[in-house]
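Just so you know, these numbers come straight off a predicted model, no measurement behind them. Letters A, B, ... mirror the listed sequences (proteins, then strands); counts begin at 1.
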Protein chains: 2
Amino acid sequence: MEVKAKTDKQSGLTDKVLKHFYFNEELSCAEVSDHLDKSIPLVAKSINELVAEGFVIEQGYAQSSGGRRPLKYSIKADALYIVAVAMDQLSVRIGLFDLLNEPIVAVQSFELKLLNNDEALKTLINYINKYIAASGIAKEKIAGIGIGMPGFINITEGINYTYLDANGQNLRYYIGEATGLPVFIDNDSSLIALAEQRFGAAKAEQEVMVINLGWGIGLGMIINGKLFRGYDGFAGELSHIPLSEGGALCNCGKQGCLEAEASMLAVAEKAIAGIKDGKISSLQHIVNYSARMAGDAIMEAANNGDHFAIDLLADAGYKIGTALAILTHIMNPQTIVLSGRGARVGKILLAPIQQAMNKYCIPRLVSNTRLKVSELGFDAELVGAAVLVMENYNKEKV
Amino acid sequence: MEVKAKTDKQSGLTDKVLKHFYFNEELSCAEVSDHLDKSIPLVAKSINELVAEGFVIEQGYAQSSGGRRPLKYSIKADALYIVAVAMDQLSVRIGLFDLLNEPIVAVQSFELKLLNNDEALKTLINYINKYIAASGIAKEKIAGIGIGMPGFINITEGINYTYLDANGQNLRYYIGEATGLPVFIDNDSSLIALAEQRFGAAKAEQEVMVINLGWGIGLGMIINGKLFRGYDGFAGELSHIPLSEGGALCNCGKQGCLEAEASMLAVAEKAIAGIKDGKISSLQHIVNYSARMAGDAIMEAANNGDHFAIDLLADAGYKIGTALAILTHIMNPQTIVLSGRGARVGKILLAPIQQAMNKYCIPRLVSNTRLKVSELGFDAELVGAAVLVMENYNKEKV
DNA sequence: AATACTTTTTAAAAAAATTTAAAAAGTATT
DNA sequence: AATACTTTTTAAATTTTTTTAAAAAGTATT
């Protein structure tokens, strides 16, 4: 016998309506009823409840489309706040957003090495707690903490198999206990995909592949309008598909992985090697940079027209395009979005990627697949972390 | 304003219950209620209706599990019949099945060249009509005709962009008019996947990749327990992914496609070339065979231990395995099934496929992915065609 | 300007689904 | 063998949801 909370049923629709307002702009009662496929009386009841509780506000009457003018409602921006955390292998960004995804406190970032760092989890929790305390926002007003992190993550168990070991404990629960707030974690690339589908370049689309161009190359898949994770949660491992026979050695142990050939880290390494080899470029100074700093410098230089940087990126782009051709053949997506850190050089990558897809894709597939550069860019992971919290939010939580 | 038939709502559950009995063995009312997540009174009403109408029969009381003995029900095999048609580029098979997937009339096959054949559609319809008439089964007892066919198929529009042109008309509607029965069409590989997930090697599994080894290499994808078709319906184009730089020329115009390197047709061509080149084998006689007959002979010989045939298949298997490694990285399926015509040499292909996957997959992915050979084999497409009909069947049809 | 037709919202009535209670038919334990 | 506890089925009572009707507030057309 399942113990279903009585409110579970009753407030189920109300939560859906609330989320619908979070994900959409102004809506009338009739529109919500239509979108949610629920009768108007039911939806009206939920909306009135949300208005009474201060989650939703009336926005006045809109233009008539041939009948009575609809009364529009929208989410109340300051009804709740969300803590969003975006991590990569070396650093953490944290922000506090309202329900319109506007930052309430400036996004802060700090260094945090995940690899072989036993203190990483404690440091992270400490930083989150300080950030929330400094914001002055009452915890009751915070819907939860969303965290995007690299690594193989088991969402249901809340475990990251790669980083942030909590002695095998549930990471969500552990951080939740330490912060006193509901915590939701997911893979960084998945969250970027979520952000692009909800508020970005592939809004409301059903079949979307989002490429997370960063120090590695990630893939977040939206299938049937939902994040797809595969049977064990490991789907989207685009970066380690065998691309070229006997190519560069990847840190996964194999050869010819996309990541080892075309990630921003790989580009940076090639750039440093090239300059040491006497290549002419505005990037002479990067030889002593870390690969990571070099990566940023290369993207900057490419956007400023440096030929060497552009050539390197074009080369990476062509390889990425080859992988995207494979992906397109298998998934037949509506849109492929280039997102993440590398989106800032998206325009430079676009041409060689498209070129490779033209060559390696069946014509029918190339012509139907849209290739877009993210506008969310580096913010995508933070937005996705916020979305993750709201997707899981329950008004009447335990 | 949508015109929803009033019966649509009422009989909705009854149809679901009916299908549940088609896809499952004996079930009690309580079990169905549990599976369908509907209350017992509702389910009981539907079951009683189905029993009264002769779709479902009582199977007596089962063993008690500590309380009242459950009354089991099951589908009535002869309540309905299904016409299943399985096509490839050169031939058609047709069968009449009952609701237990048992053939009522022997499966017949005949030659039908699809390419550049304006008469193909008329011939097909003619054959189907004759087959049904000869069976002596009343049309009222036939749930519909399911047809699996090669080519790019738009399910919603009912159009096959590759073969069987009905002057741009809706193929489903066209055949439906000509036969007087509801018609459902789908891609052959999709139907094979459907069969494997419903009655085959991946029964009830949610994330399954089914490889259709035939004259080409097809892929049917089950994602979230449902057939996935991609945005335009062209997902699963595994056979034309760029596998090797500058390999054999494919009839799609590109080079190095999996299909051109590892399909049964490619194997047959290699075999004929090899024998002409003086290879020792029991297959000397196939030099004058068509590639298609040669393909069958090679599979036969391989199963009889012919080294040359086994080597050729092993070679093809290794290439298929490389492609499956890529597929596994992207999709992280629970199970990969080797099905279709080539399943009869599945055991021979298994080892080289697994070998390639071991080499090219991240360890975590290989160890979690099950690789199985279909037991349905060549019958899979027919079973899938029958499933297609029943999935779309409505008791109260228009 | 008046009439006819829209669309949105509110309220009342009807229908559908679930919950609760009770009966039927077992098993397990003392 | 009697009692206590299960599970399945049937029936009755609620609850929930949808449908229908009506009112409110517009637009378009003659």
Side-chain angles (χ1 to χ4, degrees), chain A residues 1-18 20-21 24-52 56-74 395-396, chain B residues 1-18 20-21 24-52 56-74 395-396:
Chain A
M1 207 54 46
E2 275 179 86
V3 183
K4 281 186 192 169
K6 194 153 196 179
T7 51
D8 205 32
K9 255 290 162 51
Q10 292 169 331
S11 68
L13 180 60
T14 308
D15 270 334
K16 271 188 198 155
V17 173
L18 174 60
H20 203 67
F21 279 113
N24 295 277
E25 317 266 297
E26 287 186 4
L27 292 166
S28 73
C29 180
E31 284 170 324
V32 176
S33 162
D34 202 47
H35 296 169
L36 263 40
D37 215 20
K38 287 286 152 184
S39 68
I40 284 180
L42 263 178
V43 171
K45 196 176 135 202
S46 284
I47 291 183
N48 290 334
E49 192 182 320
L50 289 170
V51 170
V56 164
I57 47 173
E58 293 186 4
Q59 290 286 13
Y61 290 95
Q63 211 55 30
S64 162
S65 60
R68 177 171 171 174
R69 290 162 68 184
L71 182 51
K72 293 275 186 171
Y73 301 85
S74 72
K395 215 152 60 69
E396 332 276 333
Chain B
M1 208 55 44
E2 273 179 88
V3 183
K4 281 185 191 169
K6 195 151 196 180
T7 51
D8 204 33
K9 253 294 162 46
Q10 291 168 333
S11 67
L13 180 60
T14 308
D15 270 335
K16 271 189 198 156
V17 173
L18 174 60
H20 203 65
F21 279 112
N24 296 276
E25 316 267 297
E26 288 185 3
L27 292 166
S28 73
C29 180
E31 284 169 326
V32 176
S33 162
D34 203 47
H35 296 169
L36 264 41
D37 214 22
K38 288 284 152 186
S39 69
I40 283 180
L42 264 179
V43 171
K45 195 177 136 203
S46 285
I47 291 182
N48 290 335
E49 192 183 320
L50 290 169
V51 170
V56 163
I57 47 172
E58 294 185 4
Q59 291 285 12
Y61 291 94
Q63 211 54 30
S64 162
S65 60
R68 178 170 171 173
R69 291 162 66 184
L71 183 51
K72 293 275 187 171
Y73 301 86
S74 72
K395 215 151 59 70
E396 332 277 334

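Closest-nucleotide positions on DNA chain D for C29(B) and P41(A) were compared, and the one nearer the 5' end corresponds to C29(B).
Residue K45(B) contributes atom NZ, which lies 7 Å from atom P of dA17(C) at whole-angstrom precision. Y73(B) places its OH atom 10 Å from the C1' atom of dT8(D), with the value rounded to the nearest Å. Between the CG atom of L27(B) and the C1' atom of dT8(D) there is a distance of 14 Å, rounded to whole Å. Rounded to whole Å, the distance from NZ on K72(B) to C1' on dT9(D) is 15 Å. Atom P of nucleotide dT8(C) and atom CD of E58(A) are separated by 16 Å, given to the nearest angstrom. Separating the CG atom of L13(A) from the C1' atom of dT15(D) is a distance of 15 Å, rounded to the nearest angstrom. Regarding L36(A), its CG atom lies at a distance of 11 Å from the P atom of dT18(D), rounded to whole Å. We find that CG of N48(A) is positioned 13 Å from C1' of dA11(C), with the value rounded to whole Å.
Taking each heavy atom of S39(B) and S33(B) in turn, the nearest pair found is C-OG, 3.8 Å.
Between the side chains of Q59(A) and S74(A), at least one donor N or O lies within less than 3.5 Å of an accepting N or O.
Residue L36(A) holds its CG atom at 5.5 Å from NE2 of H20(A), rounded to the nearest 0.5 Å. Here K45(A) contributes atom NZ and L50(A) contributes atom CG; the two are 12.0 Å apart, rounded to the nearest 0.5 Å. With rounding to the nearest 0.5 Å, the separation of CG in D15(A) from NZ in K395(A) is 6.5 Å.
When both pairing distances are held under 3.5 Å, dA16(C) makes a Watson-Crick or G-U pair with dT15(D). Across the strands present, dT30(D) finds its partner in dA1(C); the criterion is a Watson-Crick or G-U wobble pair with both atom distances under 3.5 angstrom. Pair assignment for dA24(D): dT7(C), on the basis of Watson-Crick or G-U wobble contacts that are both within less than 3.5 Å.
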Across nucleotides 25-30 of chain C, 5' to 3', mark each nucleotide with B, S or - according to how protein heavy atoms within less than 4.0 Å reach it. BBS---

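Here the nucleotide nearest the side chain of K38(B), chosen from dT9(C), dA17(C), dT8(D), is dA17(C). In the set dA17(C), dT9(C), dT18(D), dA17(C) carries the atom at the smallest distance from any side-chain atom of L42(B).
Counting heavy-atom neighbours within 6.0 Å of K72(B) NZ, excluding the residue itself, gives a total above 12.
Taking the side chain as every heavy atom from C-beta outward, I47(B) and F21(B) approach each other to under 4.5 Å.
In this structure, L71(A) reaches the sugar-phosphate backbone alone: every heavy-atom distance under 4.0 Å involves primed, P, OP1 or OP2 atoms, never a base.
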